[in-house]
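See structure below.
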Protein chains: 2
Amino acid sequence: MTNSQPTPAPTDAERRLALLWDPPQPSGRGRKARLTLDEVVDAGTAVVHEAGLDGLSMRKVAAHLGVGAMTLYTYVPGRTELVDLMVDRAFAELDLPRAEQPWRTAMTRYAHEHRGLYLRHPWILQTNMWRLPLAPHVLDAEEAGLRILVAAGLPATQVVEVIGLVDTYVRGVARATVAEQSEGSESGLSNDDYWDSMSTFWTTYFDAERYPTMTRVWEAGGFDAGHASFDATLDRLLDGIELAIDRAAA
Amino acid sequence: MTNSQPTPAPTDAERRLALLWDPPQPSGRGRKARLTLDEVVDAGTAVVHEAGLDGLSMRKVAAHLGVGAMTLYTYVPGRTELVDLMVDRAFAELDLPRAEQPWRTAMTRYAHEHRGLYLRHPWILQTNMWRLPLAPHVLDAEEAGLRILVAAGLPATQVVEVIGLVDTYVRGVARATVAEQSEGSESGLSNDDYWDSMSTFWTTYFDAERYPTMTRVWEAGGFDAGHASFDATLDRLLDGIELAIDRAAA
DNA sequence: ACCATTCCGGTACAACGTACGAGAGGTGGG
DNA sequence: CCCACCTCTCGTACGTTGTACCGGAATGGT
């Protein structure tokens, strides 16, 4: 609909990309802008930090800037695109490893940087997109990851899935860590209430006969250790990758 | 607040758990119920299949059942809890492996079952919860995974993180697969438009100098292979786990 | 001075989750 | 048999969301 002009009107998807990849170009003419795109994105990031992704509303962001809600739409086509921009800005924080280091060092650094990012910006894990936005700094990160693996000698056909594996691992651990930190703090549930109802669960509903292994693992403290072992598991992952590299070299 | 009655009023969290772990017990008295909890959950599942998790609204579910919107609140405290129940029902579909098989066979089966589940119910990947709900069939799945690893001889302290690693991998791959299938089909974007704007992106914005490795990997077809290699990567993962098991046995 | 162009933001609408309370339909006690 | 009580049903309504629309304000080029 509304797409039959001879002059190819910019698609939604194109405006989205343009915003991410082009400077806003102030264009001289017309009224001066009170705000910058950067300021809007900053405000969004500020709001999301204290209200979570669900609490990120255009009205709140606008209020945070002392501006009417609709004003934001001068800078950003909509909420979705604002989130994209926020993700891109967050990924810009990554201090990506250069490939000159030995690949295991670089890969470990890559993983740590990403984990730090997700712990600083847990809301990224809440963005329900199927994949991250096609944004410059996101691609920078992927480029860096690929470069490490290619430099290590992994064939191109495996490089993509392996970096995906590492990304996936890091996100999983970060998600678990965040979950543990803010257990009941969401949804207005006080921590006391949360743990009360948890113990209610264990005493009332949990059936040690239905879940014998869980029970045994719990008693052995298997659920406590948790995430001190990020590096240990990561090393195991890298072992697997090293194996693939060696296999490819032969 | 409002929590100082001598008779301990059921907390929100407790009602949530009760719904998942107790039968609704029809209680005899009063007006007959037109619906079953199961019917409500089924309707929810039906709606979510054609509208996605964002499109799952109480009004739509109610309409799908031919009842008023508020009627649902007799059966379910709110949308959140409905989703919890839907997740539990989905996890009930899993055909979990018994532990008598060799652990690699069992683990592969575990992974495949989960992958199938996520591909059949992609909306589960959209539930923004930090962890899956504490529901019977979800725990069944975790129990099965833990049992496989414990039977394989992995020490209890590592069992939890390893099953987490596998889960995380499966979810990551499933997410990528779904992403590929329904690329632009979301958000009312026709597929043609999507691929148009994609090619616009590659020709207009993508900078082969900024992303040399990506370019090379792309040219080598590294992005095509994709997810035929689910089993291959999984095997690599299991190799790593086997290594940990052997190390623990020594 | 005029005007095209751009930004600002109030109003408004549709859709959402759900609190409230009036009515409808059923059971048990008298 | 009837009434009291209990439960389910759902129309109405409130607050919140994203954002379409449009009139008005500000600015630069001519």
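Proteins come first, then strands; the chains are lettered A, B, ... in the order of their sequence lines, and each starts at number 1. No hydrogens, no waters, no symmetry mates; every other heavy atom, side chains included, goes into these values.
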>> If you only use heavy atoms from C-beta on, which nucleotide in dC8(D), dC7(C), dG29(D) is closest to the side chain of Tyr75(A)?
In response: dC7(C)
> With respect to the side chain of Met70(A), which nucleotide from dT6(C), dC21(D), dC10(D) is positioned closest?
Replying inline: dC21(D)
> Taking the nucleotide of DNA chain C with the closest heavy atom to each, which residue, Thr71(A) or Met58(B), is nearer the 5' end?
Replying inline: Thr71(A)
Nearest whole Å is fine: how far is [N] [atom2] from [X] [atom1]?
X        : N       : atom1 : atom2 : value
Tyr73(B) : dA19(C) : OH    : P     : 7 Å
Lys60(A) : dT16(D) : NZ    : C1'   : 9 Å
Leu53(A) : dT17(D) : CG    : P     : 13 Å
Leu35(A) : dC8(C)  : CG    : P     : 7 Å
Glu81(A) : dT19(D) : CD    : C1'   : 12 Å
Leu72(A) : dT19(D) : CG    : P     : 11 Å
Leu65(B) : dC8(D)  : CG    : C1'   : 15 Å

>> Can you work out whether Ala69(A) or Arg34(B) has the more 5'-proximal nearest nucleotide on DNA chain D?
In response: Arg34(B)
> Considering heavy-atom distances to DNA chain D, does Lys32(A) or Asp54(A) have its closest nucleotide positioned more toward the 5' end?
Replying inline: Asp54(A)
>> Measuring from atom CG of Asp88(B) to atom CD of Glu81(B), what distance do you get when rounded to the nearest 0.5 angstrom?
In response: 13.5 Å
> When rounded to the nearest 0.5 angstrom, what distance separates CE in Met129(A) from CZ in Arg175(B)?
Replying inline: 9.5 Å
What nucleic acid atoms does [X] come within less than 4.0 Å of, heavy atoms only: base, sugar-phosphate, or nothing?
X        : answer
Gly30(B) : base
Leu82(B) : nothing
Ser57(A) : sugar-phosphate
Arg59(A) : base

> Hey, what's the ring geometry for His121(A) with Trp123(A), parallel, tilted or perpendicular (30° and 60° as the breaks)?
Replying inline: perpendicular
> Parallel, tilted or perpendicular for Trp21(A) and Tyr211(B), by the 30°/60° rule?
Replying inline: perpendicular
> Are Arg210(B) and Glu143(A) ion-paired here, with the side-chain N under 4.0 Å from a carboxylate O?
Replying inline: no
> Any donor-acceptor pair under 3.5 Å joining the side chain of Arg31(A) to the base of dC7(C)?
Replying inline: yes
